[in-house]
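Atom set for the values below is all heavy atoms of this structure, side chains included, hydrogens, waters and symmetry mates excluded. Keep in mind the model is a prediction, meaning the values are calculated, not measured. By convention in this document, chain letters (A, B, ...) are assigned in the order of the sequence lines, proteins followed by strands, and residues within each chain are numbered from 1.
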2 protein chains.
Amino acid sequence: MEARHLRYALALADHQHFGRAAAALGIAQPPLSQQIAALERELGARLFDRTARGVFPTAAGEAFLVRARQALAEMAAAVSDAGRAARGETGRLRLGFIGSALLELLPSLLNRFARGHPDVRLGLQEMSTCRSAAALLAGELDVAVGRGAPRGAGAEDLVSVTVGRDRLVAVVGAAHPFAGQAEVSVEQLRGEHLIVAPADEEPLVAARLAALLGEGADSPARTGGITEARDVHTIIGLASCGIGVGLGPACMRAAARRGTWVCEVSPRVELPELVMSFRARDRSPVLAAFLDTTREVCPGVGGQLGDRRVGR
Amino acid sequence: MEARHLRYALALADHQHFGRAAAALGIAQPPLSQQIAALERELGARLFDRTARGVFPTAAGEAFLVRARQALAEMAAAVSDAGRAARGETGRLRLGFIGSALLELLPSLLNRFARGHPDVRLGLQEMSTCRSAAALLAGELDVAVGRGAPRGAGAEDLVSVTVGRDRLVAVVGAAHPFAGQAEVSVEQLRGEHLIVAPADEEPLVAARLAALLGEGADSPARTGGITEARDVHTIIGLASCGIGVGLGPACMRAAARRGTWVCEVSPRVELPELVMSFRARDRSPVLAAFLDTTREVCPGVGGQLGDRRVGR
DNA sequence: GGCGATGATATGCGGGAGATATCGGCGGGC
DNA sequence: GCCCGCCGATATCTCCCGCATATCATCGCC
């Protein structure tokens with residue numbers, strides 16, 4: 001039995017007339033008679049009563065037609081669902097990101113993507129750049145947003161694009177001597193207790209700071225100590241308590257609250273770029289759609305990806 | 001898109017291997033490749049990733065396969081349901097019957113039928129022979145059980161078979177002079193107030209009684225009066241109150257309760273036969289199955305129906 | 001009882017599903 | 001590192017079946 005038989009039976013039930021049903025199906029009348037007869041033969045039951053007043057389904061026909069309608073609807077849904085999935089309109093996208101990405105990039109990006117793809121289930125998880133890269137390679141994430149392109153084992157299986165840049169700023173509590181200053185110098189920072197991202201979780205950020213503050217940044221030669229904090233909110237929180245001077249991306253200003261003060265650092269220093277990564281071999285249409293949205297939101301991403309057609 | 005495409009896609013998903021899936025489908029590998037390719041072309045989306053480790057559905061493929069499974073299940077259900085309906089295992093049977101049929105015939109018949117056809121919805125309604133015949137012709141019933149084959153307009157469109165015979169008995173209250181007598185004569189009945197079925201509802205019964213008691217059965221020439229009662233229970237109830245002598249089928253004994261007495265009538269008189277009727281042109285498989293059961297329960301019915309194959 | 005309408009049957013044709021043969025490509029193994 | 005083997009794609013042919021046209025059978029109906 002093929003879908004054709006179902007379509008023919010339904011058309012015949014609709015028109016109650018072989019000739020008109022055949023016309024509606026775009027075929028001649030004899031083939032319709034044959035196919036209906038073949039269907040009845042296969043089922044071992046008469047589906048239609050041919051009377052002088054028209055063609056009417058038997059009890060078996062009624063039962064058959066109910067199921068046939070449902071079956072064809074399922075087939076149509078199969079086509080529709082497959083298309084939607086292929087266009088990335090349904091599915092799942094698991095995104096790992098560092099906390100600071102939630103300050104500027106992600107709000108607009110996620111908002112736009114969610115509006116355009118309401119049936120995609122988003123899985124969002126804040127995590128360090130290192131952990132998100134590992135999770136990406138382990139297949140636990142589909143997209144990662146972190147600082148600096150992942151390096152090391154497996155990095156060649158990932159594609160990374162720059163989606164944002166931030167200069168380094170310092171954040172202090174209101175009671176700190178720096179409070180009220182527009183900027184502080186690198187030399188001044190060398191004498192302070194610093195609150196920075198953990199070196200093992202954000203190695204590129206740590207390396208950049210180490211290069212800035214001198215190789216002995218965490219050696220006893222520096223006056224102040226080091227406190228590591230997992231994300232920007234913790235850095236700001238600790239700084240506001242007066243524990244030390246927090247160092248982080250300029251977008252931290254958006255999260256700075258009362259009782260804190262943000263200084264520019266002179267000379268200007270760029271932190272590692274905000275980078276979006278995904279598996280190079282991932283052909284997920286949802287990922288492709290997400291990258292399309294990213295292209296729209298972040299100027300320059302299009303050029304980095306070229307005409308890479310992920311998915312399809 | 002045809003059902004074939006769904007079957008092939010599901011087989012491929014099951015075996016994750018074109019060659020083995022084709023073998024399982026009983027075809028060669030190239031046609032499977034072609035059909036899958038045609039399906040993907042029609043959908044405009046790739047359904048399977050061909051990797052070195054096997055063939056795996058894409059996101060679109062997963063979505064498609066879920067619906068495809070459902071669609072094929074519906075098609076199988078269509079076949080199954082049509083077959084069951086054709087065999088009379090599902091559907092509806094509306095039965096109209098006179099109250100006395102519930103005393104002997106219907107308990108065993110309905111019990112047996114319901115056991116063999118648990119998915120047939122039975123519609124049962126007690127009604128007079130006249131009304132059930134009309135309801136049958138109006139399409140409001142499928143089977144009627146009454147006394148005497150229906151006559152009059154439309155009767156030629158009905159088929160009737162005898163499913164039972166009953167002699168006439170009289171029922172009286174415990175205080176009636178007949179109580180304790182094994183039998184009463186027709187002459188004795190002529191002088192009594194009689195409780196009988198309504199002449200307009202059960203014309204054949206009434207005619208038989210009129211013939212028995214004399215043409216002037218309801219004329220002033222008879223000593224006693226006439227009370228009409230719609231069913232056997234009402235006849236018994238009225239008789240037990242001492243209103244008169246109830247006349248009805250011998251199966252009334254099964255319903256006679258304390259405070260009533262049942263006498264045979266001499267000489268023995270047969271009431272019109274218990275008759276089962278249905279529309280001659282009714283090809284309902286449920287009706288056919290019901291008649292089959294009736295054949296099993298009522299000896300002699302088979303001979304009356306001959307090899308009439310109702311339904312199918 | 002002839003006639004028109006409707007579904008069934010007869011027959012020929014073309015497309016497509018499937019078979020066989022072969023190619024291309026990737027990975028594993030010695 | 002190179003070769004072999006497995007697997008899916010492609011090429012080509014065949015044959016069946018689905019559809020078309022033509023015709024028949026049947027049943028109401030005027």
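The phosphate of dG7(C) has neither OP1 nor OP2 within less than 4.0 Å of any side-chain N or O from Ser33(A). The phosphate of dA9(D) has OP1 or OP2 within less than 4.0 Å of a side-chain N or O from Arg50(B). In this model, the phosphate group of dA5(C) is not approached by any side-chain N or O of His17(A) to a distance below 4.0 Å at OP1 or OP2.
The backbone N or O of Met1(A) lies less than 3.5 Å from a partner atom in the side chain of Glu42(A), making a donor-acceptor pair. No side-chain donor-acceptor contact under 3.5 Å links His117(B) to the backbone of Ala114(B).
Regarding Arg7(B), its CZ atom lies at a distance of 13 Å from the P atom of dA17(C), rounded to whole Å. Rounded to an integer number of Å, the gap from CD1 of Ile36(B) to C1' of dA9(D) is 14 Å. Rounded to a whole Å, the CZ atom of Arg4(B) is 17 Å from the P atom of dC16(D). Spacing between atom CG of Leu12(B) and atom P of dC7(D) amounts to 13 Å, rounded to whole angstrom units. Atom C1' of nucleotide dC6(D) and atom CZ of Arg53(B) are separated by 16 Å, given to the nearest angstrom. Counting to the nearest Å, the P atom of dG18(C) and the CG atom of Leu32(B) are 9 Å from each other. Between Phe18(B) atom CZ and dA9(D) atom C1' the separation is 9 Å, expressed in whole Å. As a whole-Å value, the separation of Gln35(B) CD from dA9(D) C1' is 15 Å.
In this structure Asp200(A) satisfies the side chain to side chain donor-acceptor pair (under 3.5 Å) test with no other residue, sequence neighbours excluded.
Across all strands, Gly26(A) comes closer than 4.0 Å only to sugar-phosphate atoms, never to a base (heavy-atom distances). No contact: Phe48(B) has no heavy atom under 4.0 Å from any strand.
Take the nearest nucleotide of DNA chain D for Gly54(B) and for His5(A): the residue whose nucleotide is more 5' is Gly54(B). Between Arg20(B) and Pro30(A), the residue anchored closer to the 5' end of DNA chain D is Arg20(B), taking for each the nucleotide with the nearest heavy atom.
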Please assess Val145(B) against Thr129(B) for the test side-chain contact (heavy atoms from CB on, under 4.5 Å), listing each intermediate value before the final yes or no. CA-CA 7 Å; Val145(B) 174; Thr129(B) 302; over 6 Å; no
Applying side-chain contact (heavy atoms from CB on, under 4.5 Å) to Val159(A) and Met276(A), what does each step give before you reach the verdict? CA-CA 8 Å; Val159(A) 175; Met276(A) 179 180 294; over 6 Å; no
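Within 3.5 Å, a donor on the side chain of Gln29(B) pairs with an acceptor on the base of dA9(D), or the reverse.
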